[in-house]
Number of protein chains: 2
Amino acid sequence: METDDSGPLRPRERIIRTARELFRRHGVRGVGVDAIAEQAGTNKMTLYRHFGSKDDLIVACMRDVALEGDQIWIDLESAHPGDPLAQLHVWLREAAECVVGDSRGCDMANAAVELAETDHPARHVIEECKTAHRNALAKLCREAGIAKAELLADSLWLLLEGAQVSSQSIGAAGPSAHLIAIGEAMIAAYAQQAPKAKTKARAAVSA
Amino acid sequence: METDDSGPLRPRERIIRTARELFRRHGVRGVGVDAIAEQAGTNKMTLYRHFGSKDDLIVACMRDVALEGDQIWIDLESAHPGDPLAQLHVWLREAAECVVGDSRGCDMANAAVELAETDHPARHVIEECKTAHRNALAKLCREAGIAKAELLADSLWLLLEGAQVSSQSIGAAGPSAHLIAIGEAMIAAYAQQAPKAKTKARAAVSA
DNA sequence: ACTGGACGTTACCGGTCTGTAACATTGCCC
DNA sequence: GGGCAATGTTACAGACCGGTAACGTCCAGT
């Protein structure tokens, strides 16, 4: 009932992993530090020795989520090197994976909703990470030769964010279930107007 | 410092209004019943005599939000009677009004995020209301003669939900700021393919 | 073998939260 | 005016939370 995965991981790592899971399931305000420590197979004192406060732990978890999220861009490039349009389609499919089953949506967006105070330290991390991801998506759209790349990126971005939050209010079987079809239609609509380059547009990587 | 608007309204109405405002500002878990009662110019006992529990109060607030949201469909019809396409454009502009300034997004979506337990009574109200609104939007798209009406409705729906949640994580100046432009482009893209009828399509109201 | 740092255990503090009990007060309606 | 329902006031219970203090334990490096 207590140990979660007390294998080779140090307490700090176990705490972050456990905290992320519990935060995800119950929300950052819905779980106490005592429950986190116990579930991580340690105790509250050790938790407070690694993280000065619960807010610090939340920030650390957000940074962990951000680090994990950055990996997708590396995976995309390695999956379809030099083919940004193909990467864009894979991105969409990866995004759709975030809203299957009894999804809890995006950890960061959820945390931003729960931490209503705009000056909460975690909010800065969330804003930075979200902005970085949106910019990376826009970069992908530009490199894919999309004319209105910024607008397509914002469109896809809002679609994903909406799908994640909508899966919690309406349910994953609602509009969120059509995320791929909607996204594909949108990419097609933006790709057909004044494309600077077609697929495999290696030459357009400059900007 | 205490009375909020103790005019002609009965305590029950004052409590709901105050609770909605405080829930919106601080989240449903971020404000206590005592603060709500005091801000509403009454006390905790009266609150508990009208609402058996805090959860009941949350449900009542969600129903109040739902009732308020239903009004938009009446307003749309009266603004452009018999012109569903025009209503659709006005809907988009009304939607964009929800993500201006320091928006806190959608009260219902936020509550769904905070109330992580899927069996919370408020979740049912939220799901019903959200589904009803999405269906009303789809009905508008069908009546506007859009071929893939359901898909356009889901697209616009995800855009709005995404804009509302994104305004809290990235900020209202991010992708959410382009909601109108994105939505217009999407409506245009769906309207140009196999339109069953053009504007003022009174004949297409059957289905 | 010693030592120092990381970790575990227990107990506690002060605060806040939801929810209730008992009682006083107001105001409306007959 | 008398009575009754709605409301206000105070106090309290029980639980939980974030955070800290004091002390014990273990293990790696020298």
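Letters go in sequence order (proteins before strands), and every chain restarts at 1. None of these values were measured; they are calculated from a predicted model.
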Looking at [X], I'd like to know whether one of its side-chain N or O atoms comes within less than 4.0 Å of OP1 or OP2 on [N].
X       : N     : result
A:Arg12 : C:dC7 : no
B:His50 : D:dT7 : yes
B:Thr42 : D:dT7 : no

Legend entry - Donor-acceptor under 3.5 Å (A:Glu161 side chain, B:Ser166 main chain): no
Inset, instruction - For the pair A:Ser176 (side chain) and A:Ala172 (backbone), establish whether a donor and an acceptor sit closer than 3.5 Å, ignoring hydrogens and angles. - result: no
Legend entry - Heavy-atom protein contacts under 4.0 Å, nucleotides 11-16 of chain C, coded B base, S sugar-phosphate only, - none: ------
Can you measure [X] atom [atom1] to [N] atom [atom2] for me and round it to whole angstrom units?
X       : N      : atom1 : atom2 : answer
A:Phe23 : D:dC17 : CZ    : C1'   : 13 Å
A:Glu38 : C:dG8  : CD    : C1'   : 14 Å
B:Arg29 : D:dG18 : CZ    : P     : 11 Å
B:Arg10 : D:dG8  : CZ    : C1'   : 14 Å
A:Asn43 : D:dG19 : CG    : C1'   : 14 Å
B:Tyr48 : D:dT10 : OH    : P     : 19 Å
A:Lys54 : D:dT20 : NZ    : C1'   : 17 Å
A:Leu47 : D:dC17 : CG    : P     : 14 Å

Inset, instruction - Please step through salt bridge (charged side-chain N to carboxylate O under 4.0 Å, His left out) for the pair A:Arg123 and A:Glu117, ending with a clear verdict. - result: CA-CA 8 Å; A:Arg123 293 286 293 263; A:Glu117 311 84 26; over 6 Å; no
Inset, instruction - Would you kindly say whether B:Asn43 and B:Thr46 are connected by a side-chain donor-acceptor distance under 3.5 Å? - result: yes
Close side-chain approach of [X] and [Y], heavy atoms under 4.5 Å:
X        : Y        : value
A:Pro175 : B:Arg134 : yes
A:Leu88  : A:Leu156 : yes
A:Leu179 : A:Leu160 : yes
A:Leu57  : A:Cys61  : yes

Inset, instruction - Could you walk me through whether B:Lys139 and B:Glu143 pass the salt bridge (charged side-chain N to carboxylate O under 4.0 Å, His left out) test, one step at a time? - result: CA-CA 6 Å; B:Lys139 179 161 171 280; B:Glu143 293 176 355; 3.2 Å; yes
Every protein N/O within reach of nucleotides 24-29 of chain C N/O, cut-off under 3.5 Å:
none

Inset, instruction - For the side chain of A:Thr46, starting at C-beta, report the closest nucleotide among C:dC7, D:dG8, D:dG18. - result: C:dC7
Legend entry - Upstream residue (5' side of DNA chain D) when A:Arg49 and A:Gly30 are each assigned their closest nucleotide: A:Gly30
